[in-house]
Amino acid sequence: LIKKLSPILKYLYEQGQIKIKASKDEVEVEFFNGSTIKVLPAMDSSRGARATILVYEECRLLKKGDVDSIFEPMLHPRQSIFLQKEGYSSDKDYYEEGISIYITSARYKAEWYFRLFKKVVVESFVNRKVPYNFFAADIYTSLKYGLKTEGEWAKIRKTSAESDVRMEYLNEAMGEVEDAYFPLELLKKCQRLHKAFRPPTDIEATSNR
């Protein structure tokens with residue numbers, strides 16, 4: 001993004017106005033105005049960081065418990081410099097609430113992200129105190145803006161499974177039919193074997209272990 005897609009960011013980077021620090025546990029981008037962007041793993045080692053905006057990339061792959069206990073406590077109102085001046089510090093109308101942004105491709109309705117998505121849609125219409133918003137797009141948005149080509153889309157439709165096309169490219173969250181006797185969540189849980197059988201190796205079989 002910095003070196004290829006944005007001439008302005010590339011210029012600032014070459015002038016030393018944007019600095020990138022990378023380590024085994026995190027990546028940090030520091031800008032000339034003091035703002036920073038940090039990329040942190042979904043682990044306990046990330047606890048204690050602070051942020052005014054949280055972005056969860058492919059949030060459905062994260063554990064809801066980690067999101068609630070590790071990352072959401074990081075949020076705090078943005079501490080703008082002008083809030084320290086007389087006449088502003090005591091006026092809470094100038095405070096900027098922390099923002100959480102969830103990004104993901106659609107998969108199954110039984111996953112936690114879809115329940116949160118439905119809640120956000122409702123809250124965006126009924127909540128007058130806390131602002132909510134949502135945005136959904138599919139492959140046709142990518143085609144319009146040149147992120148994908150018609151040829152790529154035709155190839156995907158021919159070579160990919162129908163379920164993958166519907167979920168990954170048409171942005172459909174798939175689930176069971178209404179009033180289904182076996183919900184999809186139950187079936188997915190049964191697909192995971194907690195005590196799987198492992199056949200013995202040749203050495204174990206010959207040694208009667």
Side-chain angles (χ1 to χ4, degrees), residues 1-86 88-107 111-117 119-120 123-124 130-139 141-142 144-149 152 167-169 171:
L1 177 63
I2 291 177
K3 298 181 180 180
K4 294 182 179 181
L5 301 181
S6 174
I8 296 177
L9 291 178
K10 181 180 179 181
Y11 172 79
L12 293 174
Y13 177 76
E14 292 174 346
Q15 297 299 315
Q17 300 297 309
I18 297 178
K19 299 178 181 179
I20 301 175
K21 303 175 184 177
S23 66
K24 184 179 68 174
D25 297 324
E26 68 178 53
V27 177
E28 180 177 343
V29 183
E30 183 179 347
F31 295 88
F32 60 92
N33 62 354
S35 299
T36 59
I37 297 176
K38 284 187 178 182
V39 181
L40 299 173
M43 301 172 60
D44 281 340
S45 59
S46 298
R47 293 181 185 273
R50 292 292 177 264
T52 56
I53 298 178
L54 293 174
V55 180
Y56 301 104
E57 173 65 22
E58 284 296 342
C59 64
R60 69 178 188 84
L61 299 178
L62 301 175
K63 295 180 180 179
K64 186 65 164 62
D66 291 341
V67 171
D68 293 340
S69 65
I70 298 176
F71 291 100
E72 284 300 315
M74 296 179 183
L75 276 182
H76 67 90
R78 190 168 76 92
Q79 305 298 314
S80 302
I81 297 177
F82 75 86
L83 291 176
Q84 301 174 10
K85 296 183 179 181
E86 185 178 355
Y88 294 98
S89 58
S90 60
D91 194 338
K92 294 185 178 181
D93 289 337
Y94 292 107
Y95 284 24
E96 298 180 29
E97 297 286 348
I99 299 174
S100 294
I101 301 174
Y102 295 81
I103 303 174
T104 186
S105 54
R107 295 305 287 180
E111 297 181 70
W112 69 267
Y113 87 91
F114 190 74
R115 293 191 292 270
L116 178 62
F117 173 70
K119 180 180 178 181
V120 167
E123 292 294 321
S124 66
V130 179
Y132 286 83
N133 210 334
F134 64 93
F135 172 79
D138 54 26
I139 183 66
T141 305
S142 299
K144 179 178 179 180
Y145 292 101
L147 302 177
K148 289 286 185 181
T149 66
E152 290 175 320
M167 290 187 292
E168 283 291 334
Y169 299 97
N171 206 18

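Between the CD atom of Glu57 and the CD1 atom of Ile103 there is a distance of 5.0 Å, given to the nearest 0.5 Å. One distance of note links NZ of Lys64 with CD of Glu111; it measures 13.5 Å at 0.5 Å rounding. One finds the CG atom of Asn33 at 9.5 Å from the CD1 atom of Ile18 (value rounded to the nearest 0.5 Å). The distance from the NZ atom of Lys4 to the NZ atom of Lys10 is 10.5 Å, given to the nearest 0.5 Å. Of the inter-residue distances, the one linking Glu123 atom CD with Tyr132 atom OH reads 5.0 Å to the nearest 0.5 angstrom. Between Leu54 atom CG and Ile101 atom CD1 the span is 9.0 Å, to the nearest 0.5 Å.
Around CZ of Phe82, the count of heavy atoms belonging to other residues, nucleotides or ligands within 6.0 Å exceeds 12. Remark: Gln17 CD is packed, more than 12 non-hydrogen atoms of other residues, nucleotides or ligands lying under 6.0 Å away.
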Q.
Lys148 vs Ile139, test: side chain to side chain contact (heavy atoms under 4.5 Å, CB included). Steps then yes/no.
A. CA-CA 8 Å; Lys148 289 286 185 181; Ile139 183 66; 3.7 Å; yes
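Looking at Ile70 and Asp44, their side chains come closer than 4.5 Å, going by heavy atoms from C-beta outward. Within the 4.5 Å cutoff, the side chain of Phe31 has no heavy atoms near those of the Leu12 side chain. Between Met74 and Arg47 there is no side-chain heavy-atom pair separated by less than 4.5 Å. At least one side-chain heavy atom of Thr52 sits less than 4.5 Å from a side-chain heavy atom of His76.
Taking all atoms of both residues into account, the shortest heavy-atom contact from Ser69 to Gly65 is OG-O, 2.7 Å. When all heavy atoms of Glu168 and Ser105 are compared, the pair lying nearest together is OE2-OG, 3.5 Å. Here the closest heavy-atom approach between residue Tyr113 and residue Cys59 is recorded as CB-SG, 4.1 Å. Here the shortest heavy-atom pairing between Pro41 and Ser46 reads O-OG, 2.6 Å. Of all the heavy atoms in Met167 and Arg107, the pair that sits closest is SD-O, 3.2 Å.
A donor-acceptor pair under 3.5 Å is absent between the side-chain atoms of Arg78 and the main chain of Ile53, judged by distance alone. A donor-acceptor contact shorter than 3.5 Å is absent between the side chain of Tyr102 and the backbone of Phe117. The backbone N or O of Asn171 sits nowhere less than 3.5 Å from a side-chain atom of Asp138 that would complete a donor-acceptor pair. Formation of a donor-acceptor pair under 3.5 Å by the Ser142 side chain with backbone atoms of Leu147 is not found in this model.
Between the side chains of Asp25 and Ser23, no donor-acceptor pair is found at a separation under 3.5 Å. For the residue pair Glu72 / Tyr56, a side-chain donor-acceptor distance below 3.5 Å is found, with atom types taken as modelled.
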